[in-house]
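Only one structure is covered here, and it is reproduced in the block below.
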Amino acid sequence: MFIAADWRGHGVGTALVEAAIEWAKARELHKLTLSVLPHNRAAVGLYRKLGFIEEGRHPKHIRRANGELWDLIDMGLPL
Ligand SMILES: CC(C)(COP(=O)(O)OP(=O)(O)OC[C@H]1O[C@@H](n2cnc3c(N)ncnc32)[C@H](O)[C@@H]1OP(=O)(O)O)[C@@H](O)C(=O)NCCC(=O)NCCS
């Protein structure tokens, strides 16, 4: 998910994730999961606000072009 920079902070991300939750509930899915970089405060804040909780962490999971190794966290929302 990527909101155009000028539109961030105006509720678009909330609306999109809420729509995904409603879409999943309507199809009787039992759970939504996602992965996010732990330092991405905006994204982690959005997902926490909508009920996702951290379920696990993958240390040094992502290798960046500059060689840095970044952790990744998994978050889940039972429906
Ligand atoms: C993360 C992203 C999708 C959020 O979308 P958005 O439309 O800006 O989010 P919203 O306006 O709906 O904000 C929802 C919540 O996110 C959190 N949030 C948003 N921007 C934040 C920021 N700069 N710092 C901390 N929390 C923030 C808050 O909890 C906010 O709830 P609140 O407004 O009730 O406080 C958007 O910033 C984005 O596209 N970022 C770049 C791409 C990216 O990181 N995608 C996610 C990859 S996992």
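For ligands, and for the atoms within them, numbers begin at 1 and follow the listed sequence. Treat the numbers as computed from the prediction; the structure is a model and nothing was measured. Position 1 is the first residue of the sequence; numbering continues from there.
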Among all protein heavy atoms, pick out the one at the shortest distance from [atom]; state its residue, atom name and that distance to 0.1 Å.
atom	value
atom 15 (C) of ligand 1	Leu46 CA, 3.7 Å
atom 14 (C) of ligand 1	Thr14 OG1, 3.2 Å
atom 45 (N) of ligand 1	Met1 O, 2.8 Å
atom 42 (C) of ligand 1	Phe2 CD1, 3.4 Å
atom 18 (N) of ligand 1	Ala42 O, 3.6 Å
atom 48 (S) of ligand 1	Tyr47 OH, 3.4 Å
atom 11 (O) of ligand 1	Gly11 N, 2.8 Å
atom 37 (O) of ligand 1	Arg8 CD, 3.4 Å

Would you check whether [X] has a nitrogen or oxygen atom less than 3.5 angstrom from a nitrogen or oxygen atom of ligand 1?
X	answer
Lys49	yes
Ile3	yes
Ala43	no
Asn40	yes
Gly13	yes

Which of the ligand 1 atoms, numbered from 1, are nearer than 4.0 Å to a heavy atom of Val12: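 Once the distances to Val12 are compared, the set is 7 (O), 12 (O).
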Region of His10 engaging ligand 1 - heavy atom pairs below 4.0 Å: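 Near ligand 1, His10 shows its backbone, while the atoms from C-beta on stay back.
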Are the side chains of [X] and [Y] in touch, meaning some heavy atoms are under 4.5 Å apart?
X	Y	answer
Leu29	Trp23	yes
Leu32	Ile21	yes
Val36	Phe52	no

CG on Leu50 to CG on Leu77, rounded to 0.5 Å: 8.0 Å
Ile53 side, atom CD1; Met75 side, atom CE - distance, nearest 0.5 Å: 8.0 Å
Short side-chain to backbone donor-acceptor contact, His61 and Pro59, under 3.5 Å: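 The answer is no, because no donor-acceptor pair under 3.5 Å joins these two groups.
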Backbone N/O of Lys60 and side chain of Asp71: donor-acceptor pair under 3.5 Å: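 Judged by distance alone, yes, a pair lies under 3.5 Å.
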Protein heavy atom under 4.0 Å of atom 20 (N) of ligand 1: yes
Arg8, CZ: over 12 other non-hydrogen atoms inside 6.0 angstrom: yes
Atom CZ of Arg63: over 12 foreign heavy atoms under 6.0 Å: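 Atom CZ in Arg63 is not packed in, count stays at 12 or less.
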Atom of Pro38, atom of Val44 and distance for their closest heavy-atom approach: O-CG2, 4.2 Å
